[in-house]
Structure formats: structure tokens, C-alpha cells
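Worksheet for the structure shown next.
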Amino acid sequence: MAKVMGENIIEVRGLKNQFGRNVIHEDLDLDVKRGEVLGIVGGSGTGKSVLLRSIVGLQKPKEGSIKAFGIDVLKADPKEMAEVENRWGVMFQDGALFSSLTVRENVEAPMRARLKLDAQTRSALADLRIAMVGLPPKATTLYPSELSGGMRKRAGLARALALDPDIVFLDEPTAGLDPIGASDFDTLIKSLQKAMGLTVFMVTHDLDTLHATCDRVAVLAEKKVLVTGTMAEMLDVDHPWVREYFHGPRAHAAMTASGGEN
Amino acid sequence: MADADAPTARPSPGKAEAGLSGAMTLATLKASEKAVAALEGKGTIDLSDVTELDTAGAWLIAQARQRAAAGGRPIQLSGMTEGQALLIDTVEKAMPRPERKRRQIPGRPGDGLENMGRTVAAKARTAFKALGFFGVVVAHLLSLIIHPTRLRITALFYHMQDAGLNAVPIVSLMGFLIGIVLAFQGATQLQQFGAEVYVVDLVAISILRELGILLTAIIVAGRSASAFTAAIGSMKMREEIDAMRVLGLDPIDRLVLPRVLALVFLLPILGFIACMTGLIGGMLMAWIELSITPGMFQTRLLEGTDPVHAIIGLVKAPFFAVIIAVIGCHQGMQVEGNAESLGQHTSRSVVQAIFIVIVTDALFSIFFAVWGI
């Protein structure tokens with residue numbers, strides 16, 4: 001399992017998704033390279049979340065192929081699939097924590113399902129993950145309903161990281177957070193990504209997050225990935241929606257805030 | 001995972017230096033743990049041969065370092081890549097400080113007593129809250145007399161249909177079957193004394209006075225109290241109730257009163273239907289089992305059974321209706337922000353409603369007995 005930086009760990013080819021007669025994706029191609037932070041942007045209803053759900057196997061596409069770690073997830077047998085699932089983590093929009101379990105039990109849940117560990121190691125590793133995402137130790141015994149929105153997202157991230165995955169999928173990680181919480185979350189993602197050598201696939205609307213964390217951006221429009229590239233490259237794209245998105249007043253504010261790095 | 005990649009220790013006996021190699025990951029945690037344990041007491045650990053390191057592996061190394069530092073002989077690390085150093089650093093920063101765990105002594109004396117006290121206090125609180133809610137509902141009902149336009153007619157009729165009309169089939173079937181059972185059981189017992197004809201009195205009095213209404217109330221409690229709790233509770237979860245309050249709409253007027261009034265109007269009717277189908281069931285069974293013709297049944301019924309029994313039965317219905325609706329709505333209002341709480345309160349509302357209905361029925365029996373009716 002050599003980890004070559006820059007290889008494609010997710011390859012989506014010719015994806016087609018359709019709800020009834022409403023075609024969401026058609027002939028969509030996308031590569032996710034190892035070690036990068038990829039931001040997926042697009043207007044409402046362009047199927048950003050649907051794309052994420054298709055890749056992780058929650059939405060069966062009509063056509064196309066999706067390869068993760070070289071395995072075609074649409075045709076994988078359960079054993080291959082389990083191996084793939086061990087290597088990715090998903091953070092849902094509001095954390096999607098199990099409401100009947102404490103935060104620690106939530107983070108332990110994937111380890112309990114996938115690994116044979118003794119209870120002590122498991123809870124120690126869970127506590128470590130919880131601390132790494134910046135939650136206070138006393139949060140470990142709380143139930144999801146007792147957490148604030150930001151804490152729930154962090155706990156969701158801790159659960160996504162429970163199996164030391166190669167790639168994490170984040171669905172709107174900063175939506176609903178206050179600016180301070182959102183920028184803390186950006187820093188957290190960036191530092192975890194650096195420390196753990198993670199690949200991050202992020203669906204987001206947040207221009208600040210894009211500037212702060214993403215190495216590459218993929219724009220969903222016209223039912224496919226219209227264009228991918230760095231933030232700087234996005235500024236030169238000549239497509240009305242992309243222009244408006246990356247040249248709008250909010251985009252300028254976000255770019256100035258990030259110190260014009262791009 | 002190939003064997004060549006398995007984590008191993010190079011203890012280099014005699015020297016203060018030692019090395020680790022292989023993949024130290026979550027998947028190889030057991031072997032990694034052994035490898036690290038073999039290096040206990042060394043001054044420097046060389047990580048240049050470690051092919052893979054994840055947080056679990058870093059955690060093992062960090063733990064060993066923490067233990068060694070506590071023992072006064074800190075371990076230095078060498079030969080790791082930049083990424084590995086960063087990872088170990090991150091993990092070490094996140095490591096929970098060794099805390100003194102408070103021991104929990106299981107089964108301490110007093111735990112049981114304390115729990116009992118807490119349970120009693122919680123139940124008493126719930127009872128007081130429910131009483132308070134009942135008061136609020138009554139106050140709103142009274143103010144309805146002054147402002148009758150505040151009642152939502154559409155909602156009232158909707159609930160009359162949903163909780164009343166739609167319950168007619170189940171309630172009539174239930175009454176019919178109860179009538180059959182009573183007549184059949186009564187017949188086998190009374191035959192022994194040659195008093196078959198008293199089956200009519202048995203069926204009529206027990207159904208009209210007690211069972212018809214009581215069992216209808218229990219069915220409606222199961223059907224409607226739970227539906228009220230679920231509907232109001234899910235509105236509470238989605239902050240709809242708060243939205244109504246902010247908009248100046250009174251949730252009691254809008255949600256509770258139509259439900260209470262719908263049941264008050266329709267539970268007596270449902271009870272009456274149950275009584276009638278019960279009598280039909282009894283009549284049928286008496287005819288089949290004891291050859292008491294419907295005509296005889298009717299004559300015996302009219303001369304042997306005082307109409308006061310039927311009145312006593314129906315008088316109780318509005319009281320049961322208020323109990324069921326108020327408990328259903330009150331539990332709905334108690335729902336907190338999660339789905340689990342919705343489930344808990346829904347089942348609680350049914351149990352409480354049925355229980356209070358039966359208690360009230362017992363109180364009515366005593367009341368009527370004392371008054372001699």
C-alpha cells in the first residue's frame with residue numbers, strides 16, 4: 001500500500017445521475033489526487049451532494065464508473081468494498097451522529113464495526129481523535145443533543161477520522177457556523193490534512209474556506225464538472241456562472257481576507 | 001498487509017539507541033504495540049525505517065514517550081520524515097493528560113434510595129406540569145365562550161373526522177366482539193343455575209355501564225393520544241410551536257383546543273356506537289347459544305335494565321375525552337429537540353392516558369356507589 005502523492009485515488013468517469021426525468025449529472029468526469037484538498041462548488045441544485053453520495057455509494061448512479069483506490073466501487077464485491085470503506089471517512093452536514101450514543105461511543109462505532117480492538121485501546125483512540133478535532137475532554141461523555149452545531153461537526157469529523165482514512169469527504173463543513181468557528185474549522189482541516197497526510201473532498205459554498213484550505217477547486221455546472229484548477233486559475237475562466245462566483249463582491253472580500261495568497 | 005511490512009523493533013542490546021521499522025498503523029496496532037513495548041528504556045528511537053505511520057502508530061510512540069518522561073528518562077526520536085514528525089507532534093499535543101480516574105463504586109448503598117427519590121420527584125413534577133397544562137386548557141376553553149371566533153372550525157372538523165369518524169369501524173368491531181364474549185361466558189356460567197335469561201342483564205349492564213365506554217376510551221387513547229403527541233411533538237421539534245408563539249398565534253388555541261373539543265364531542269358518540277354493537281353481539285350470541293330470540297332479548301332488555309345504566313356510561317365519556325386529549329397534547333408539548341424524545345413521549349402519552357382513564361373510571365364507580373345509583 002505505497003502512498004504515492006499525486007496519484008488519483010478517486011476516479012469518476014462518465015457519471016450519470018437522474019431522479020425521475022430530472023437529469024442531475026451527465027457524462028461527469030472527476031479525479032481526486034492523493035494529498036490534495038479538493039473543493040466542489042456549484043449553484044444550488046447542481047448535485048454537489050449527490051456527487052458525494054454517489055462516490056461513497058449512497059446513491060446508485062444510472063451510468064458511469066467510480067473508482068476508489070483502483071477498485072470500481074459500483075462492481076466491487078462486499079470484501080473489496082469493506083476494504084475501500086476502511087480507507088474513507090464521511091462527515092455529513094450536521095454531523096449525523098447517532099443520537100443514542102455519546103460522542104466517544106460515536107467515534108468508537110466505526111472501530112467497533114471494523115476492527116478487533118480491546119475496549120481500552122478503542123476508547124483511548126477515540127479520546128485521541130476527539131482531542132485532535134479540538135473538542136474538550138468533557139465532551140466525550142455528552143450526547144449529540146447536548147452539543148452545539150460546531151461541536152457536532154467536530155464530533156462528526158472525529159468519527160470520520162476514526163479509522164485513519166486516506167480520504168475524508170466533507171459535506172458543507174462550515175455551513176451554519178459563525179465566522180470564527182468556520183475559520184477555526186478551516187484551520188483544523190488544513191492542519192489535520194497536513195499532519196495525517198489526508199486527502200480531502202469537500203463540498204462547500206464558503207468562499208473563505210475555499211481560499212483558506214483548497215488546493216484545487218472543481219466547479220459543477222451544466223450537469224458536469226465544468227472546470228477544475230487552483231483558485232488563481234478560476235479567476236481566468238470565462239464562463240458566466242464561474243465569473244460571477246469568483247469575481248462577485250463576496251469572492252473579493254474572501255480573497256482580500258486570505259491575504260491575496262492566490 | 002505483507003509480512004515484510006509488519007512492524008518490528010530493533011532493540012540493539014547494550015546501546016541506548018534502538019529502531020522501529022515497518023508499517024505502524026491502526027491495522028497493525030497489536031504488533032506495533034509489541035514492537036514499541038520491546039524498546040522500553042531506550043534513550044533514542046530511530047524511525048527512519050518506518051514505512052507507514054498513522055495516528056494510531058503515532059499514538060503508541062507518543063504514549064511510550066509520555067511514560068518514559070514520567071519515569072524521568074525521556075525518549076528522543078530520530079530519523080522521521082517531516083510529515084511523521086508533524087503527526088507525532090499533533091498527536092502528542094492532543095494526548096489527554098494522564099488523569100486520575102475517579103473510581104466508581106458500583107452498588108453504593110443509597111443509590112437505590114436516591115434513584116427512587118429522583119424518580120418520585122420527577123413523576124410528581126410531571127403530574128404537576130400536566131395539571132398546570134390542564135388548567136391552561138380550561139382557561140382557554142372558558143375564554144372561548146367570550147371569543148368564540150378564536151376556535152379553528154376547520155381544524156375542529158378535521159380532528160373530528162380523524163379521531164372520531166375514522167375510529168368508528170375499529171370501535172364497533174371491538175364492541176361487537178366484547179358483546180359476544182360476555183354473552184358466551186355468561187351463558188356457560190348461568191346455565192349451571194338455570195338462569196340463562198339473566199345473560200341479557202349481564203351483557204346490557206356491563207356493556208352500557210362500564211365496558212362500552214371504558215374500552216372505547218382505551219382504543220381512542222391508543223389511537224389518538226399517540227397521534228396528538230406525535231403531531232404536536234414533531235411540530236415542537238421543528239420549532240413550529242415557537243414560530244407560532246412569535247407570530248402571535250396561540251398554540252393552545254390552534255392545536256390543543258380543536259383536538260380536545262373534537263374528542264369531547266365524538267367520544268360519547270363512539271362509546272354509544274360501541275354499546276350498540278356490543279348489545280348486537282350479545283344478542284347474537286344469546287340467540288345462537290341459548291336460543292333467546294332477538295325479540296325476547298329486546299323485551300328482557302327493556303323491562304330488566306334501567307336506562308340509568310346507559311346514562312351513567314355516557315356521562316363518563318366527555319371526562320375520558322378531556323383526559324386523553326389533554327395528556328396527548330401535553331406530552332407533545334414536552335418533546336425536546338430529538339427524535340428519541342418524540343418516541344418516548346408518544347409511548348408515555350398512551351400509557352398515561354390509559355392509566356388515568358382507568359383510575360377515573362374507578363373513581364366514578366365509587367362515586368356512583370356512594371350516591372346509590
For the candidates Ile88(B), Leu86(B), Asp89(B), Val91(B), which exhibits the highest count of non-hydrogen atom pairs separated by less than 4.5 Å from chain A?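 Option with the top pair count is Leu86(B).
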Considering all heavy atoms, the nearest [X]-[Y] contact:
X	Y	result
Thr90(B)	Ala195(A)	OG1-CB, 3.3 Å
Ser100(A)	Glu340(B)	CB-OE2, 3.2 Å
Ala131(A)	Ala94(B)	CB-O, 2.9 Å

Crowding at [atom1], [X] (>12 non-hydrogen neighbours, <6.0 Å):
X	atom1	value
Leu247(B)	CG	yes
Lys190(A)	NZ	yes
Lys67(A)	NZ	no
Glu239(B)	CD	no
Phe19(A)	CZ	yes

Has the side chain of Asp164(A) got a donor or acceptor atom that lies under 3.5 Å from a matching backbone atom of Leu26(B)?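 Checked: no pair found.
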Mind running side-chain contact (heavy atoms from CB on, under 4.5 Å) on Leu125(A) and Leu29(B) for me, showing each step along the way? CA-CA 11 Å; Leu125(A) 281 173; Leu29(B) 195 67; 4.0 Å; yes
Quick one: pull up CH2 in Trp59(B) and CZ in Arg129(A) and give me the separation to the nearest 0.5 Å.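 Reported to 0.5 Å precision, the distance equals 9.5 Å.
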Taking atom NZ of Lys30(B) and atom OG1 of Thr121(A), what is their separation to the nearest 0.5 Å?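 So the gap between those two atoms works out to 7.0 Å.
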Below 4.5 Å from any heavy atom of chain B, which atoms of Leu163(A) appear? Answer side chain, backbone, both or neither.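 When you check distances to chain B, atoms from both the backbone and side chain of Leu163(A) fall under 4.5 Å.
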Measuring only between side-chain heavy atoms, which start at C-beta, is Met196(A) closer than 4.5 Å to Asp54(B)?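 Contact flag for Met196(A)/Asp54(B) side chains = no.
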